[in-house]
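By convention in this document, chain letters (A, B, ...) are assigned in the order of the sequence lines, proteins followed by strands, and residues within each chain are numbered from 1. FYI, side chains are in, hydrogens and waters are out, and symmetry mates aren't considered; it's all heavy atoms of this structure.
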Number of protein chains: 2
Amino acid sequence: MYTQAEENYLKVIFTLQKVKEEPVNTNLIAEKLSTKASSVTDMIKKLSAKKLLSYQPYQGVMLTKTGRSIALKVLRKHRLWEFFLVDKLHFKWDEVHEIAEQLEHIQSDSLVDKLDYFLGLPKYDPHGDPIPDKAGNFTGEELISLKDMEIGERGILKGLKDSSNVFLKYLDRKNMVIDDQIEVVEIENFDRSVLIKTNWETFYISEQVAKNLLIKRKSDEL
Amino acid sequence: MYTQAEENYLKVIFTLQKVKEEPVNTNLIAEKLSTKASSVTDMIKKLSAKKLLSYQPYQGVMLTKTGRSIALKVLRKHRLWEFFLVDKLHFKWDEVHEIAEQLEHIQSDSLVDKLDYFLGLPKYDPHGDPIPDKAGNFTGEELISLKDMEIGERGILKGLKDSSNVFLKYLDRKNMVIDDQIEVVEIENFDRSVLIKTNWETFYISEQVAKNLLIKRKSDEL
DNA sequence: AATTATTTTTAGACTTATCTAAATTTATTT
DNA sequence: AAATAAATTTAGATAAGTCTAAAAATAATT
């Protein structure tokens, strides 16, 4: 069993490591955890002694297999709880993060599995981040930004990059919700605005909006 | 905001105070929290400094109004989460306690309220303990043991004193579930066994079983 | 390559919550 | 009421996690 502090370090290091494959440096971790570099060094030594990460002084850290699997478990719990909060308790997307930060540390394997099942084994959290399965694998495909889709491509709206209130309200007015089907009809060369066709209507969205819509590509097998 | 340790002390002191109205003594608290008397003294001083309880050395403690209201909040969360685990995630009654011990410390007022609403504003947890409402009041009536009911009385099964697996299995075989209506038809003087009538059938239960069934008395207003 | 700047680590201190062992107070017996 | 027992508190220690300030190592610059 690991402490909340340990879990938070592992989680942050995992997400930082995903961005660039190099060792993660102390200051970055400190910044993400709103703590001081000296505290990070202390904790890093502890986690290194527990073989959750490998650490050469002054050279940054990399998670071991064990460390990564713990991080993935925490991430899984975080995203499942976020899904629960939005889907079942009807929280807004931008209200759930700090609550999920607490819930992700609840210890009980059976709880996670039952929750997963109760929610219908979701593949993405409300922000479009993929939810690892029990084994730590991401089974859902990567989501892409709508602005990277090509003309004629279809997909399903699965998440948002920006979940601010203004943006949510905008989507509301356009009657767009998660799991909507979207087809790219046209891309305007001048301002990169996109003509999209939803289940209900066809309309233009600006590049800024397109950038913030996360889409699961429609697989051709259908 | 209070630490988990503080909340646990307040919760335990509250429940001990309910049993007998006198000040709660150090050793009892230590026993319930599986800690040492000296640790309890330390924490008591801290809580007393925060005016969450009143404390005269060697004379035990009593919660202040503030202390009581915090304890009630924790209790409310504990019981709502227990209800969630059993009712939504289909945990067995005897598996939920230690998970609820963790969940009860999640900090978010809106979470508690939304959870309460999501669950349908339940009045009792799966063990038949009453769930305080937002204001800290118990709106459901006290539950009584079936063995204290009189002939002809009717009520609703709302909880169990014993939630061991054997007992749950027994109830299962008798097709008894929460919210069943039960009427006391006869009480056998010899062994205090009780003839009860459920929605489905009429049968005898032993005094031991009757003792462990918690009933909400049927109000006459119907 | 030498100097400066940045990053990281060490050293020592603080807080929370716990413990053991000894001292003190209260309760119980003879 | 004196002696013993039980309960409670104090004193001093420990572990986790954090901090500040100073030292050491690495990176960047002239």
**Asked** Is there a side-chain contact between A:M176 and A:L213 (heavy atoms, below 4.5 Å)?
**Response**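 In short, these two side chains touch, coming nearer than 4.5 Å.
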Specify the separation, in whole Å, of atom [atom1] of [X] and atom [atom2] of [N].
{"X": "A:Y58", "N": "D:dT26", "atom1": "OH", "atom2": "P", "answer": "7 Å"}
{"X": "B:Q56", "N": "C:dT24", "atom1": "CD", "atom2": "P", "answer": "21 Å"}
{"X": "B:D42", "N": "C:dT20", "atom1": "CG", "atom2": "P", "answer": "13 Å"}
{"X": "B:M43", "N": "D:dT10", "atom1": "CE", "atom2": "P", "answer": "16 Å"}
{"X": "A:Y2", "N": "D:dA15", "atom1": "OH", "atom2": "P", "answer": "20 Å"}
{"X": "B:I29", "N": "D:dT9", "atom1": "CD1", "atom2": "P", "answer": "9 Å"}
{"X": "A:L47", "N": "D:dA16", "atom1": "CG", "atom2": "P", "answer": "12 Å"}
{"X": "B:N25", "N": "C:dT26", "atom1": "CG", "atom2": "C1'", "answer": "12 Å"}

**Asked** Between A:F167 and A:Y170, how do the two ring planes meet: parallel, tilted or perpendicular, split at 30° and 60°?
**Response**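 Ring orientation of A:F167 relative to A:Y170: parallel.
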**Request:** Would you check if the side chain of A:S145 reaches a backbone N or O of A:L214 as a donor-acceptor pair within less than 3.5 Å?
**Result:**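 Not at all, since once roles are kept as given, no pair shorter than 3.5 Å links the two residues.
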**Prompt:** Starting at the 5' end of DNA chain D and moving along, which residue's nearest nucleotide shows up first, A:E6 or B:P57?
**Reply:**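 Counting from the 5' end, the first nearest nucleotide belongs to B:P57.
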Taking only side-chain nitrogens and oxygens of [X], does any of them come within less than 4.0 Å of OP1 or OP2 of [N]?
{"X": "B:K45", "N": "D:dT10", "result": "yes"}
{"X": "B:S39", "N": "C:dC19", "result": "yes"}
{"X": "B:K36", "N": "C:dT18", "result": "no"}
{"X": "A:Y9", "N": "D:dA16", "result": "no"}
{"X": "A:N27", "N": "C:dT6", "result": "no"}

Among [options], which nucleotide has an atom closest to any side-chain atom of [X]?
{"X": "A:T41", "options": "C:dT18, C:dT16, C:dT8", "value": "C:dT8"}
{"X": "A:T26", "options": "C:dT8, D:dT10, D:dT8", "value": "C:dT8"}
{"X": "B:Y55", "options": "C:dT8, D:dT9, D:dC19", "value": "D:dT9"}
{"X": "A:Q59", "options": "C:dT18, D:dT9, D:dT26", "value": "D:dT26"}

**Request:** Report which part of the nucleic acid B:A37 touches: base, sugar-phosphate, or nothing (heavy-atom distance under 4.0 Å, all strands).
**Result:**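 Contact class for B:A37: base.
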**Request:** Any chance you could lay out the ring pair (Phe, Tyr, Trp, His ring centres under 6.0 Å) test for A:H97 and A:H78, step after step, and finish with the verdict?
**Result:** CA-CA 8 Å; A:H97 193 261; A:H78 183 102; 4.9 Å; yes
**Asked** Quick one: the side chain of A:S38 and the base of D:dT20, do they pair up donor-acceptor inside 3.5 Å?
**Response**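 For A:S38, whose side chain was compared with the base of D:dT20, there is a donor-acceptor pair (under 3.5 Å).
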**Request:** Could you check B:L16 against B:K32 for side chain to side chain contact (heavy atoms under 4.5 Å, CB included), going step by step and ending with a plain yes or no?
**Result:** CA-CA 9 Å; B:L16 289 173; B:K32 289 282 174 196; 3.8 Å; yes
